[in-house]
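Nothing fancy with the numbering, it's 1 onward along the sequence. Here the structure is a predicted model, which is why all the values come from computation and not from measurement. In what follows, every heavy atom counts, from backbone to side chain, and hydrogens, waters and symmetry copies are set aside. Both ligands and their constituent atoms are indexed starting at 1 by order of listing.
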Amino acid sequence: MDNIVILTGAGISTESGMGTFRGAGGLWENRRVEDVATPEGFARDPEMVHRFYNMRRQKAASVRPNAAHEALARLQREHPGKVTLVTQNVDALHEAGGSDSVIHMHGRLAGALCAACDHRWEAPDEMHPGFPCPACAAPHARPDVVWFGEMPYHMEEIFDALSTCTLFAAIGTSGQVYPAAGFVQEAFRAGAHTVEINLEPSAVVSDFAETRFGPATQTVPAWVDEVLGR
Ligand code: APR
């Protein structure tokens, strides 16, 4: 019975309308990543960074999970072995699609974090500079998302799962951002079968034993059916 680890990226939410980071029309296209997704950018212009995440938070609240999110939730419910679902996405579409156990390695748009005391709470729809922390009152509230130069969350738990997995799938991720792009190698070292499921080959496609290309709403339900033996 397979011990499965799944890594998802922006591509699984594209058909829900969330938009990817890279590529034509991507979120980063008109913005410098260093301005909106680094601690330094936030220190320079917190108003602009909050505005960017307020917009994304509002967008995330208006979109619906798609057949790919729902298929992974089905896999988690019906597979008799362990299924660890790790996402780089900060939206809540896996949860909305029925997954009750999701590791958000890059944080969550719906979360707020106090940069002074590390307290976490549910973010209001709109955040602004100077918003006080409900625990320590410091005016340093920020979105609870992982920026470039920061350590992703839950890495120990993720590497533990990778070290014992027998099947690893990366879905809808361009393979350009580490450490996530290196998970396939960890899984390979553990002896797992590795599958890339993406619209097009990622930057690390050659690390995978198997590839499946196409829109996630088609490729993911078909792959889940196969894993469940249907
Ligand atoms: N179905 C499957 N894959 C798709 C689809 C689709 N409908 N649409 C796009 N893709 C693929 C693209 O081909 C691309 O390879 O999804 C991938 C999205 O890549 P990125 O935009 O780079 O997103 P991601 O890999 O999740 O980015 C990783 O980088 O910007 C940071 O922190 C941010 O978590 C993010 C991380």
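- The side chain of V177, and not its backbone, has at least one atom closer than 4.0 Å to an atom of ligand 1 (non-hydrogen atoms only; side chain from C-beta on).
- Here is the list of ligand 1 atoms found below 4.0 Å of a heavy atom in A216: 1 (N), 2 (C), 6 (C), 7 (N).
- Looking at ligand 1, you'll find an N or O of A10 within less than 3.5 Å of one of its N or O atoms.
- Heavy-atom contacts of T14 reach the following atoms of ligand 1: 5 (C), 8 (N), 9 (C) (cutoff under 4.0 Å).
- In the vicinity of G9, heavy-atom distances shorter than 4.0 Å reach the ligand 1 atoms 26 (O).
- An N or O contact shorter than 3.5 Å links L199 to ligand 1 by distance.
- Counting only heavy atoms from C-beta outward, the side chains of P39 and E150 approach each other to under 4.5 Å.
- A distance-only check finds a donor-acceptor pair linking the side chain of T219 to the backbone of P215 [under 3.5 Å].
- Every atom of ligand 1 with a heavy atom of E15 under 4.0 Å away is listed here by number and element: 1 (N), 6 (C), 7 (N).
- In this model, a donor atom of one side chain and an acceptor atom of the other lie less than 3.5 Å apart for H104 and E95.
- H128 and H50 have their aromatic ring centers separated by at least 6.0 angstrom.
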Could you walk me through whether D2 and K82 pass the salt bridge (Lys or Arg N to Asp or Glu O under 4.0 Å) test, one step at a time?
CA-CA 7 Å; D2 272 316; K82 195 174 158 201; over 6 Å; no
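- With salt bridges taken as basic N to acidic carboxylate O contacts below 4.0 Å, one links R212 and E226.
- The closest approach between P215 and ligand 1 falls below 4.0 Å for a heavy atom of the residue.
- Polar contact with ligand 1: present for T173 (N/O pair, distance under 3.5 Å).
- R51 and N54 form no side-chain donor-acceptor contact under 3.5 Å, judged by distance and modelled atom types alone.
- Taking a cut-off of under 4.0 Å to the non-hydrogen atoms of G214, the atoms of ligand 1 that pass are 1 (N), 2 (C).
- For ligand 1, the atoms closer than 4.0 angstrom to any heavy atom of G172 are 3 (N), 16 (O), 17 (C), 18 (C).
- Put simply, the side chain of T38 gets close to the backbone of G41: a donor and an acceptor are under 3.5 Å apart.
- Annotation for ligand 1: atoms under 4.0 Å from non-hydrogen atoms of E200 are 13 (O).
- Taking every non-hydrogen atom of F148 and a distance limit under 4.0 Å, the qualifying atoms of ligand 1 come out as 30 (O), 31 (C).
- Ring to ring, F188 and F168 are not that close: their centroids are 6.0 angstrom or more apart.
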